[in-house]
Amino acid sequence: MTRDYALYGLRLRSALPLPGAPPWAGPPDRPADATIVVGPVPARLEAAVHSGPLLQVDAAGRVRHEVRGIAAFLVEGGRQITVAPAAGTAEGEVRLFLLATPLGVLFHQRGLLPLHASTVAIGGQAVALAGPSAAGKSTLAAALLAAGGQLLADDLTVVDPAAPGGPLVLPGMPQQKLWRDSLEALGIAADEQVRPGTAMEKFVRRVPDAFAAAPCRLAAVCHLGGGPADGAPRLTALTGARAVHGLREQVYRLHAARAMALDDRLLLHCARLAGQVPQFRLERGGGLPALAGLARAVIGALAGTAAGALR
Amino acid sequence: MTGIFWLASYPKSGNTWMRMALASLRAGGAAVDINRPTGDEDAISASRRHFDRLLDITSSDMTPEEVASLRPDLYRSFAASLAQPAFVKVHEASRRLPDGRLLFPPEATLGVACMLRDPRDVALSLSHHYACGIERAIGIMADPEFSLTASTRSASPHLAQWIGSWSANVASWLDDGPCPPILVRYEEMAGGLAGFLAQIARQAGLPLEGDGAAERAAAATRFEVLRGQEEAHGFRERPAGMARFFRAGTAGQWRTALTPAQAARIERDHGAVMARLGYL
């Protein structure tokens, strides 16, 4: 049954159920901005300008993505995602991969700036925690929620870089994905497994009561990573070319975006963003036991106080 | 036509030392900073960041089997994108997927250098690295299921790495790898590093022969130099709890550090491969 949802500032019409996504509650006469349909997807794109093992791009900028044994996706014009589930695949697994690469590609096609980041609103200001997989973005975001923050997005953060008044973070799904070790360190429970029936102890955690449902001004970006494994958590300002480069490294699905000939535009977005929004490098130090200190460092940076230990 | 040059070894067999030497070679024999040798964190076979980026996917949402199934395609795709050789460290055994494909595909491979070390010295070095007793290290080396970064409870910056036992790991690269390897014995690195570098450079098609770069690189990365840097500045790759990564760099310490019973146990566990390599 097709439903309309509010996701990343779009009225998203989806034939695939998206439990957990806020239902559309905006103006009833606003047309759908993008649609998700279930239907056949070509086995390959003709005249592909880029062909990787999982993703192809054609001259028109259409993107075909496939996760073998789960589903194939076709993303067109920033307006439509066609989903062809593999036989016998659980809906949850199709959805898991749909809301990642295909959705990120959709926003690239729409000219926005998707980042590989988890973003939390604290006191009406958004701080994006950016970094590669396993850097600890979701876990740190959860710690910030525990400190009173509200989730804007987990893993895929969409920024409107040209919004009047400054870059705006658009609200995503009110849920996170967290591993068993993180859940235990945080002392929180989760909902279902991300991959039911497997040994993977990674879980969906829904947070509708700790969710920022309205777009929020981006006030800081913290780049997680680096530093010795047994060091203390460290927050340092990132400026100039390193800030621009750091931001560009965290563009969501950068490889696909480059294949879509978006490199120049993304560089421009990142350069402008780095000029408007303070960037920081955040070294994790000793991992999970240092979580509370990390959260404090981020809150301090946001407040711009000396307690943020800016160097 | 270029590709991936695999630097393959069971842990604690000289892989890091070789990587430093190669970094120096590619910089014309210049000094290297052990904390920033190549500037390329993706140069390990199991880099999650590299996998996710090149395949445009989130590997931590995939099962280990799904991830493994995509790795040959990843390496082929990576190799096809290269303008010059990529040296990639690998501790994993060369193994085949259920459908028979090699994890590290021949089509993506420029060459293999296999770092070998007497397993009795490996056991000693392993016990320091993991701050565990020698008995435990011997057990790890005999464990056919030994793997790294394969937790089901968290995601590591590395994909799950199946190392296997020392014997199975070494044999896999000698007998069932993407191509016949250049053998680099740890015991010969202190004196013969320049020769090994020249061999690897030839195999990889690096245009560095004849101008002394291999000799300069060997000198710049003498074990004492690396250890000195660690003493002065630390070493980012040293695990928490380990006193020193670049410890001794010599061969045969096992003769005084292992008990006869411990040495006998290793020789029993790994006798066939040890004999084949001349360690017995």
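A note on names: the letters A, B, ... follow the listed sequences, proteins ahead of strands, and every chain is numbered from 1. Because only heavy atoms are used, hydrogens play no part in the values below, and waters and symmetry mates are left out as well, while side chains stay in.
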Open item on the list: Given heavy-atom pairs under 4.5 angstrom as the criterion, report whether the side chain, backbone, both or neither of B:Ser156 touches chain A.
Closed with: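 Interface part for B:Ser156: backbone (N, CA, C, O).
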Would [X] and [Y] pass as an ion pair if we require N to O under 4.0 Å?
X        : Y        : value
A:Asp181 : B:Arg153 : yes
B:Glu66  : A:Arg68  : no
B:Arg49  : A:Glu249 : no
B:Asp61  : A:Arg195 : no

With rounding to the nearest 0.5 Å, note down the distance linking [atom1] in [X] to [atom2] in [Y].
X        : Y        : atom1 : atom2 : result
B:Ile57  : A:Thr101 : CD1   : OG1   : 5.0 Å
A:Leu96  : B:Met62  : CG    : CE    : 9.5 Å
B:Ser77  : A:Leu55  : OG    : CG    : 10.5 Å
A:Arg180 : B:Ser154 : CZ    : OG    : 12.0 Å
B:Arg53  : A:His255 : CZ    : NE2   : 9.0 Å
B:Asp56  : A:Tyr252 : CG    : OH    : 9.5 Å

Report, as yes or no, whether the 6.0 Å neighbourhood of atom [atom1] on [X] holds more than 12 heavy atoms from other residues, nucleotides or ligands.
X        : atom1 : value
B:Arg76  : CZ    : no
B:Arg101 : CZ    : yes
A:Arg258 : CZ    : yes

Non-hydrogen atoms of chain B under 4.5 Å away: do they reach the side chain of [X], the backbone, both or neither?
X        : value
A:Val105 : neither
A:Leu178 : neither
A:His116 : neither

TODO: Using a cut-off of under 4.5 Å on heavy-atom pairs, state which of A:Gly52, A:Ala199, A:Ala100, A:Ser51 scores highest against chain B.
DONE: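 Ranked by heavy-atom pairs under 4.5 Å with chain B, first place is A:Ala199.
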- [ ] Give the member of A:Glu93, A:Glu184, A:Glu201 that has the highest number of heavy-atom pairs under 4.5 Å with chain B.
- [x]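 Highest number of pairs under 4.5 Å: A:Glu201.
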Task: Where A:Trp179 and B:Ala155 come nearest, the two heavy atoms and their spacing - done: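 Heavy atoms of A:Trp179 and B:Ala155 come nearest at NE1-CB, 3.5 Å.
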Open item on the list: To check you understand the geometry: which heavy-atom pair defines the closest contact between A:Ala134 and B:Pro157, and what is its length?
Closed with: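 Distance-wise, the nearest heavy atoms are CB-N, 3.9 Å.
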Task: Pair B:Asp52-A:Ser133, side-chain donor/acceptor within less than 3.5 Å - done: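 Per modelled atom types, B:Asp52 and A:Ser133 side chains form a pair under 3.5 Å.
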Task: Check: A:Pro53 main-chain N/O paired with B:Asp73 side-chain donor or acceptor under 3.5 Å - done: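 No, because the side chain of B:Asp73 does not come within donor-acceptor range (under 3.5 Å) of the backbone of A:Pro53.
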Open item on the list: Taking every non-hydrogen pair under 4.5 Å, which of B:Thr152, B:Leu74, B:Leu54 racks up the most with chain A?
Closed with: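 Option with the greatest count: B:Thr152.
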- [ ] Heavy atoms only, distances under 4.5 angstrom: which of B:Gly234, B:Ser69, B:Ser59, B:Ser60 has the most pairs with chain A? Name it, please.
- [x]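 Most heavy-atom pairs under 4.5 Å with chain A: B:Ser60.
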Task: Residues of residues 124-137 of chain B contacting chain A, heavy-atom criterion under 4.5 Å, by residue number - done: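 Hits under 4.5 Å: none found.
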